[in-house]
Structures are given as structure tokens and as C-alpha cells.
Amino acid sequence: MANTASLKIDDKEFPLSVMIGTEGEKAIDVRKLRADSGYLCYDQGYGNTGSCESALTYLDGDAGILRFRGYPIEQLALHSNFIETAYLVIYGELPNAEKRKEFGLNLRQHAAIETQMQKIFEGYPKDAPPMAMLASIVASLAAHYPHLATNDFSKDLASFDLATAMAMSKIRTIGAMLYRYMNGKPYIAPKQDLPFCENFLHMMFSEAHQDYVSVPEVARALNLLLLLHADHEQNCSTATVRMVGSSSANLFTSISAGIGALSGPLHGGANVAVMQMLQNIHDDGDDGSRFIAAAKSGSKSNRLMGFGHAVYRNFDPRAKIIGQACEDLLKKLGVNDPLLDIAKRLNETALKDEYFISRKLYPNVDFYSGIIMRALGIPVSMFTVIFAIGRTPGWIANWREVAANPKGRIYRPRQIYVGPTVRDFVPMEKRT
Ligand code: ACO
């Protein structure tokens, strides 16, 4: 493998060093290129830019590989649960029994939202977009817990543990409260004795006179869904968290920015689009063939939602896991969802179609996650909020890598300026 590279501009050569990751990923270090040559690298959308070194997640889009801290996603999905995987993502190792207990206790102790913070909800219209409310309420954690709103946990790891537990546990609680608020229902307080996912379902679905008790399959499916979303390399929201964190902004503020990035339909909102598409096919009485034909027209507005991925070019390993889990769950719950039948038909037809085969378009994680959430009783308006709860460990871990890096610098990309060249100010009376 090459150790050095060089860039020739006209007749001048600029030597560049090569970086190799632990899985053999190759990169050319261009940090000094502008200073040496006067040229910067242009990479709109950063599609070919490594913005950091990270020890968290390994992803090979061509081979369909996803690993957290070296552990294959398939093994974690089979043997672990969301909280254990969150610990792994954040702290780098699977917890032993003592660490796991301590982590769980911390999460349970910091689950509640204080009365003063609850008043923020009342400031929003009931039909406000949930992700907009979530982003601003999470940002307010920095105002409510100013002693934790620091980026310097280097000497004070206990405070990082506390901020981590608060972020994970409270974002989950805020998510459930948003649902109650939007539906005009009183909030349900978290229970100390319930595990993370069961507690979420309790806060969502219990009533004052009757506790919701989740069946194990339901809690397991939610665990799996959150686990599969725990981290995903330098996606838009994670890169946003790192960007904000690089200015030494605190954890809560950085996560709030990530929630804003996730709210976009091209990122966290795709599972909503999948459900809308499946519902439209169902309502039209179509077998899906008209949608497939339209998707093949090449128009962006007719794409087969839940198909294709910016990074995975063979298959999305999360989609394989979730597709099977979706079928198992519906079978166990005895749910007969016509949208699942449509999804399966679309999947089978598209995978045999030359258009999709030649473009390497396969189902992504969003293709089935909406059907699972529907089976759990979670409404479409909450889908992206659930994604945010699942992605929180990844955001925390990425933020930590930035905050703990003694050689880190503020993220500050450059640009190619294409505006007007210099011109003199024109007084108002002379402007046309
Ligand atoms: N349906 C039909 N055609 C598609 C689809 C699709 N879902 N996705 C890509 N194509 C076509 C494009 O039109 C293009 O065709 P062409 O070569 O004839 O011009 C070709 O496949 C390559 O597409 P790109 O736009 O280069 O793919 P890109 O990597 O930029 O986009 C994306 C990836 C945005 C995910 C795209 O596949 C898409 O829009 N999918 C549907 C939305 C979706 O499911 N998003 C969720 C992603 S997963 C996540 O965020 C958690």
C-alpha cells in the first residue's frame, strides 16, 4: 500500500502523506495543501472528505458492513440490547455486570423532567412539529443544568457520566411527553423500576387509571430499532454534532443541533415518506407496479422511498435485520398489516428489476422501521423522534471524541467564492 502521494499542479509537485485506518481505509492528508500550494480541495457535500479520525463505527458501504467499536451489527442485534450497545458506543467497551448496573441506575435516576422544564412544552401550539419542540427542549437542558454545560470533562469524568445519563434518559422522556402533549393527555412520570424501553412505552401509553404493560416482543422490537440506529459514522446529524462541539459548545447544545439536522426529510424523515408511499399504494388499490414504473422514470419526486442509500451499495445490513424482525413481530402479535404485504411485494419486484439491480438500489433501514413502529402503536408523527432517541448514544460518543481530542481544532471548512468581484458602494439615489 502506498505510503506517500503527491499532487502535480503545472510543473510543481506537492508531496502529501497517506493515512491508513485500522480496517485499511486509505486517505490522503491534505491539511497542508493550501498553505503549500495555494489550492484548496473542493468537495461539495463532503462526499469524499474524511473530516476526522474516529474509533467508533466502521462502515463499508460496498460490502454492507457495519460495526460498532469492532462488533458486527448482526451480533449486537442478536445478543445485546439498546442500553448495553449505547454503553459500548459511548465508552468503547461492552460493560461488565457492575458497569452495566451503574449505567442503568444513572439512567433511571435522571429520567424525570422537572416541573419548571415542563412549562416549556406549554409554550408550543399542540400541532407544532415534534422535532422542532424536541430540539429546543433539549437545548434548554444546557440552561437548566449549567454546571454540566461544559466541554471540559477531562478531569471530571463523573460529570460526563451524569451529562450522558441525562441526555439519554431525558431525551427519551421528553419524546414520550411530546406525544402526550400533542394528544392533549396528562404526562405520565417515569417509573424507577422499569427498563429503558419499557419505561418509554409506559410514559407513552399508560393512563392515569391503568398502567400500560408491554409484552416482551414489543419491548424487544423497540430495543432492536433503537440499537440499529445507535450510531452511523459521519452522517449529517452526527457531523453537525461534531461541528458544533468543535467550537467547545456543550453536549446538550451540540445534540440539539444534531436533532435539527435529523429533522430533515432527506435524513431522519425518510421512514415517514416510506409509510406515506405504502399508504398511497394501498389507498390507490395498486399492487405497487405503478409506483415502481414511476420510480424508474428517474424523477426525484417519484423515487421508491426506502430504497437506495448514499453509502451502502450492496445492501444495508440494518435493513436485513429489521426486515426479518418486522415479520417476526407482526406474526407474534398476530397483526395483519396490509402495508407489510405491499412492502414485501415492492421489495421482491424491485430486486428482480434491471433498473434497481444496475443501480445497486436495495431496501434501506427505513423500508421496514415504519411498519415496526406502527405495530408498536407509535404514530408516524413520532417516527423521527424515535430515531433521535436511538441516535443519542452516537451523538454523545462523537461529541466526546471531539471534546477529548487535545489536538482538535474548530471545524472550519473553506469555500470557492463565486459572488461579485469588488465594486464601489452605490448611494440610494443612484440605485436603479
Ligand atoms: N428510487 C428510484 N431511483 C433511485 C432511487 C430510488 N429510491 N435512489 C436512487 N435512484 C436512482 C437515481 O435516480 C440515479 O439514477 P440515474 O443513474 O439514472 O441518474 C441512481 O439511482 C443513483 O442515485 P443517486 O441519486 O446517485 O443516489 P444517492 O446516493 O445520491 O442517493 C438516496 C441516495 C438519497 C438515499 C436515494 O437513494 C434516495 O433518494 N432514496 C429514497 C429516499 C430514502 O429512502 N432515504 C433514506 C436513506 S437511509 C437513511 O437516511 C437512514
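This structure is a prediction, so every number in the text was calculated from the model and none was measured. When a ligand or atom number is given, it counts from 1 through the structure's own listing order.
Between Phe387 and His267, the ring planes lie perpendicular to each other; the angle is over 60°, past the 30° to 60° tilted range. Between Tyr179 and Phe205, the ring planes are perpendicular. Angles over 60° get that label, and only those under 30° would be called parallel. The aromatic rings of Phe103 and Tyr87 stand perpendicular to each other, their planes meeting at an angle above 60°, with 30° marking the opposite boundary.
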Contact table, ligand 1 N/O with protein N/O, distance under 3.5 Å:
{"from": "ligand 1", "atom 1": "1 (N)", "to": "Leu304", "atom 2": "N", "distance (Å)": "3.0"}
{"from": "ligand 1", "atom 1": "3 (N)", "to": "Tyr355", "atom 2": "OH", "distance (Å)": "2.9"}
{"from": "ligand 1", "atom 1": "7 (N)", "to": "Leu304", "atom 2": "O", "distance (Å)": "2.8"}
{"from": "ligand 1", "atom 1": "7 (N)", "to": "Phe307", "atom 2": "O", "distance (Å)": "3.0"}
{"from": "ligand 1", "atom 1": "13 (O)", "to": "Arg303", "atom 2": "NH2", "distance (Å)": "3.3"}
{"from": "ligand 1", "atom 1": "15 (O)", "to": "Arg359", "atom 2": "NE", "distance (Å)": "3.2"}
{"from": "ligand 1", "atom 1": "18 (O)", "to": "Arg359", "atom 2": "NE", "distance (Å)": "3.1"}
{"from": "ligand 1", "atom 1": "18 (O)", "to": "Arg359", "atom 2": "NH2", "distance (Å)": "3.0"}
{"from": "ligand 1", "atom 1": "25 (O)", "to": "Arg303", "atom 2": "NH2", "distance (Å)": "3.0"}
{"from": "ligand 1", "atom 1": "29 (O)", "to": "Arg313", "atom 2": "NH2", "distance (Å)": "3.0"}
{"from": "ligand 1", "atom 1": "37 (O)", "to": "Phe307", "atom 2": "O", "distance (Å)": "3.4"}
{"from": "ligand 1", "atom 1": "39 (O)", "to": "Arg303", "atom 2": "NH1", "distance (Å)": "2.9"}
{"from": "ligand 1", "atom 1": "40 (N)", "to": "Phe307", "atom 2": "O", "distance (Å)": "2.8"}
{"from": "ligand 1", "atom 1": "44 (O)", "to": "Gly306", "atom 2": "N", "distance (Å)": "2.8"}
{"from": "ligand 1", "atom 1": "44 (O)", "to": "Asn364", "atom 2": "ND2", "distance (Å)": "2.9"}

N/O donor-acceptor pairs under 3.5 Å from side chains in residues 277-285, not counting sequence neighbours:
{"from": "Gln279", "atom 1": "NE2", "to": "Asp283", "atom 2": "OD1", "distance (Å)": "3.1"}
{"from": "Asn280", "atom 1": "ND2", "to": "Gln276", "atom 2": "O", "distance (Å)": "3.4"}

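Applying the ring-ring contact (aromatic ring centres under 6.0 Å, His included) rule to Trp395 yields no partners; only residues at least two apart in sequence or on another chain are considered.
For residues 227-246, the set of pairs meeting the salt bridge (Lys or Arg N to Asp or Glu O under 4.0 Å) definition, not counting sequence neighbours, comprises Arg242-Glu401.
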